[in-house]
Q: 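After the structure tokens below, expect a handful of questions from me.
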There are 2 protein chains.
Amino acid sequence: MPDIQPDNAAIAQQIRHLQDTLYVVNGKWKLPILVAVHQGNSRFRDIQRSVQGITTKVLSTELKALEQNKLVVRRVYDTSPPAVEYTTSPYCETLQTMILEMIAWGKNHHDQLREK
Amino acid sequence: MPDIQPDNAAIAQQIRHLQDTLYVVNGKWKLPILVAVHQGNSRFRDIQRSVQGITTKVLSTELKALEQNKLVVRRVYDTSPPAVEYTTSPYCETLQTMILEMIAWGKNHHDQLREK
DNA sequence: ATATCTGGCATCCTTTAGGTAACTGGCATC
DNA sequence: GATGCCAGTTACCTAAAGGATGCCAGATAT
């Protein structure tokens, strides 16, 4: 006779929420880009310089994805030469605590490895 | 004359921490597996049932990676038939707040999309 | 006048993540 | 004695992510 585990559905639900987040945020570059932009790098080349090792092609693709997910805003100014400016959206702020947790864990993890 | 931006190094550092975290945690399945195990699913097949859609091969691979990163412990009992038990390590607890943040954000994001 | 900056795009290529399907060997159950 | 459960493994394959390189055109700086 199988146990009925009443919280299985709840666990599955949590996992689904987690996967929703991962779907938006997954990959090597999206969060690093977000941090760079949030910290004030608004120009394409500045972002590229902040996020070490990224190529223009990847940066361009990822910025588009972030724009589609309403996390980044792209503005073009009709100056000469036309200037492009990237900023994080207000909605992006909702990611702040999560990202800070990730940064904190990464720092701790790094220290942990060095101690060994 | 280029501005010297004194916090560029600090930003780069944060991005590096973030990437350290992503390196451990990245991919579609690692965090969902961690949640399932943490919630008390200790048997291979139970984990597989909790993490909907995962195949035995992927689960097996990911569990090995998590074990190598000291987030999951695998114990084999020499009973008949031999039983295998997966549990989260104490170190894995340090990920808790981060994961909870990710679950919370995923839930919020989902609700956000439904409102539109 | 030439070198370098800007914000990218186009091609091509490699690597990795993830998925499919079939199978194993020992035990228990019907 | 056939079927099913457990904890996986193996071989093969596809799709997506990521990387390398070269290029453009307008502007500024040397």
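The sequence lines fix the lettering, A, B, ..., with proteins before strands; numbering per chain opens at 1.
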Q: State which residues pass salt bridge (charged side-chain N to carboxylate O under 4.0 Å, His left out) with A:E62; sequence neighbours excluded, sorted by chain then number.
A: A:K30

Q: List DNA chain C stems (3 or more consecutive Watson-Crick/G-U pairs, under 3.5 Å)?
A: C:1-5 with D:26-30, C:7-30 with D:1-24

Q: For B:Y23, enumerate each residue passing the side-chain contact (heavy atoms from CB on, under 4.5 Å) test, keeping only those at least two apart in sequence or located in another chain.
A: none

Q: Not counting sequence neighbours, which residues clear side-chain contact (heavy atoms from CB on, under 4.5 Å) with B:S60? List them please.
A: B:F44, B:K64

Q: Taking side-chain contact (heavy atoms from CB on, under 4.5 Å) as the definition, give me every residue that meets it alongside A:H38, ordered by chain and number, with sequence neighbours left out.
A: A:T88, A:E93, A:Q96

Q: Apply ring-ring contact (aromatic ring centres under 6.0 Å, His included) to A:H17 and list each qualifying residue two or more places apart in sequence or on a separate chain.
A: none

Q: Please name all residues satisfying side-chain contact (heavy atoms from CB on, under 4.5 Å) with B:N108, sequence neighbours left out, ordered by chain then number.
A: A:Y91, B:Q112

Q: Is the shortest side-chain heavy-atom distance between B:V84 and B:S42 below 4.5 Å?
A: no

Q: Report each atom pair, protein N/O against N/O of nucleotides 27-30 of chain D, whose distance is under 3.5 angstrom.
A:
residue, atom, partner, partner atom, Å
D:dA27, OP1, A:S80, OG, 2.4

Q: Taking CD from A:Q48 and C1' from C:dT4, how many angstroms apart are they, rounded to a whole number?
A: 15 Å

Q: For each nucleotide in nucleotides 5-22 of chain C, reading 5' to 3', give B when a protein heavy atom comes within less than 4.0 Å of its base, S when such contact involves only the sugar-phosphate, and - otherwise.
A: -SBBB-B------BBB--

Q: Listing request: all side-chain hydrogen bond (donor to acceptor under 3.5 Å, both in side chains) pairs with a residue in residues 47-57 of chain B, at least two apart in sequence or in separate chains.
A: B:N41-B:S50, B:R45-B:Q48, B:D46-B:R49

Q: Quick one: which residue pairs count as a salt bridge (charged side-chain N to carboxylate O under 4.0 Å, His left out) with a foot in residues 67-78 of chain A, not counting sequence neighbours?
A: A:R75-A:E85

Q: Scan for salt bridge (charged side-chain N to carboxylate O under 4.0 Å, His left out) pairs involving residues 95-106 of chain B, sequence neighbours excluded, and state none if there are none.
A: none

